[in-house]
Amino acid sequence: MASPQRIELDKLSVEQLKALKEQTDLEVNLLQDSLTKIRSAATRLENASAALHDLSLRPQGKKMLVPLTASLYVPGTLDDSEKVLVDVGTGYFIEKTMAQGKEYCERKINLLKSNFDELVEMATKKKNIADEMGLLLQAKLRQSTPSPSS
């Protein structure tokens with residue numbers, strides 16, 4: 001991958017600077033959307049990990065409500081709390097032991113947190129660049145606008 005070239009912002013025209021600032025603002029918004037999605041996924045995994053812990057404490061034969069969707073539950077009985085089905089994406093489930101299920105959740109949470117930290121750093125840099133371009137754009141617009149004579 002080619003390394004990005006450094007653009008000298010003060011040599012750009014007002015139109016070029018506006019276009020570059022709009023593009024950078026769009027990139028910042030996309031990064032912020034990604035951060036929100038990662039935060040949401042990490043929360044879901046943390047909830048799943050907590051549910052696994054709660055499930056491991058329940059005795060075999062315990063009656064409970066089993067969620068089919070976010071708002072639909074059916075009555076069920078706990079058969080074996082030592083085996084769980086783990087959703088690994090795109091409709092695939094893998095049977096794992098309770099310990100393996102917890103470890104899977106923790107591994108995914110750590111991966112998401114690592115990606116989150118990288119994206120925060122990138123978003124902060126992009127935001128700083130966009131702010132710098134905004135200030136430069138304002139300065140150029142003030143220079144090009146004739147000042148009222150007294």
Side-chain angles (χ1 to χ4, degrees), residues 1-140:
M1 186 168 153
S3 63
Q5 295 179 352
R6 177 82 174 132
I7 299 174
E8 294 185 33
L9 297 177
D10 53 342
K11 293 185 179 176
L12 296 176
S13 69
V14 172
E15 293 78 23
Q16 290 172 321
L17 201 52
K18 277 184 185 177
L20 193 55
K21 178 163 178 18
E22 286 176 10
Q23 179 184 349
T24 306
D25 285 340
L26 179 65
E27 290 173 6
V28 168
N29 289 337
L30 289 173
L31 286 170
Q32 288 173 340
D33 287 345
S34 295
L35 287 170
T36 302
K37 288 176 183 172
I38 287 175
R39 199 174 306 121
S40 172
T43 300
R44 283 193 312 271
L45 281 166
E46 287 167 351
N47 289 341
S49 184
L52 285 175
H53 176 71
D54 185 47
L55 191 61
S56 69
L57 302 176
R58 296 181 187 266
Q60 187 172 347
K62 171 84 173 161
K63 298 231 183 261
M64 58 178 37
L65 290 175
V66 179
L68 294 181
T69 67
S71 60
L72 178 63
Y73 291 79
V74 295
T77 305
L78 182 59
D79 182 37
D80 183 5
S81 66
E82 197 47 43
K83 291 188 178 147
V84 294
L85 288 178
V86 177
D87 182 355
V88 292
T90 62
Y92 288 96
F93 293 84
I94 297 175
E95 185 176 293
K96 292 187 175 274
T97 65
M98 183 63 70
Q100 290 171 331
K102 289 177 183 178
E103 189 271 330
Y104 175 84
C105 286
E106 291 304 314
R107 195 172 65 243
K108 289 293 184 180
I109 290 168
N110 290 336
L111 176 66
L112 287 173
K113 286 182 179 179
S114 169
N115 290 347
F116 184 85
D117 293 341
E118 290 174 19
L119 279 178
V120 164
E121 185 178 327
M122 195 180 309
T124 302
K125 287 179 183 177
K126 288 278 185 185
K127 179 77 172 118
N128 290 340
I129 291 169
D131 291 345
E132 182 183 333
M133 282 189 270
L135 292 173
L136 189 56
L137 185 59
Q138 287 176 356
K140 282 191 175 215

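- One finds the CD1 atom of I109 at 5.0 Å from the CG atom of L45 (value rounded to the nearest 0.5 Å).
- The stretch residues 92-103 participates, sequence neighbours left out, in these side-chain hydrogen bond (donor to acceptor under 3.5 Å, both in side chains) pairs: T97-Q100, E103-R107.
- Closest approach of P67 and L65 over heavy atoms only: CD-O, 3.8 Å.
- Pairs engaging residues 32-47 under the salt bridge (charged side-chain N to carboxylate O under 4.0 Å, His left out) rule: E46-K113 [sequence neighbours left out].
- Closest of all the heavy-atom pairs between S49 and E106 is OG-OE2, 3.3 Å.
- Not counting sequence neighbours, K108 has no partner by the side-chain hydrogen bond (donor to acceptor under 3.5 Å, both in side chains) test.
- Note that the CG atom of L52 and the CG atom of N47 stand 11.0 Å from one another [nearest 0.5 Å].
- Residue L112 comes nearest to A42 through the heavy atom pair CD1-N, 3.6 Å, listed as atom of the first residue, atom of the second, then distance.
- Counting only distance, with no hydrogens or angles, the side chain of S40 and the backbone of T36 share no donor-acceptor pair below 3.5 Å.
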Exercise. Are L55 and M64 close enough, and set up right, to give a side-chain contact (heavy atoms from CB on, under 4.5 Å), and what steps lead you there?
Worked result: CA-CA 10 Å; L55 191 61; M64 58 178 37; 3.9 Å; yes

Quiz: residues 75-86 side-chain donor-acceptor pairs under 3.5 angstrom, not counting sequence neighbours:
| residue | atom | partner | partner atom | Å |
| --- | --- | --- | --- | --- |
| D80 | OD1 | E82 | N | 3.0 |

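- Note that CG of L30 and CG of D25 are 11.0 Å apart. Values are rounded to the nearest 0.5 Å.
- Nearest approach of H53 to S56, heavy atoms of both residues: O-OG, 2.6 Å.
- In this structure the side chain of L26 never reaches within 4.5 angstrom of the side chain of Q23, judged on heavy atoms.
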Give every donor-acceptor pair under 3.5 Å between a side-chain atom in residues 115-131 and any protein atom, sequence neighbours left out.
| residue | atom | partner | partner atom | Å |
| --- | --- | --- | --- | --- |
| T124 | OG1 | V120 | O | 2.8 |
| K126 | NZ | E27 | OE1 | 2.5 |
| K127 | NZ | D131 | OD1 | 3.2 |
| N128 | ND2 | T124 | O | 3.3 |

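- Judged as a salt bridge (charged side-chain N to carboxylate O under 4.0 Å, His left out), the pairs with a partner in residues 49-70 (not counting sequence neighbours) are, in order, D54-R58.
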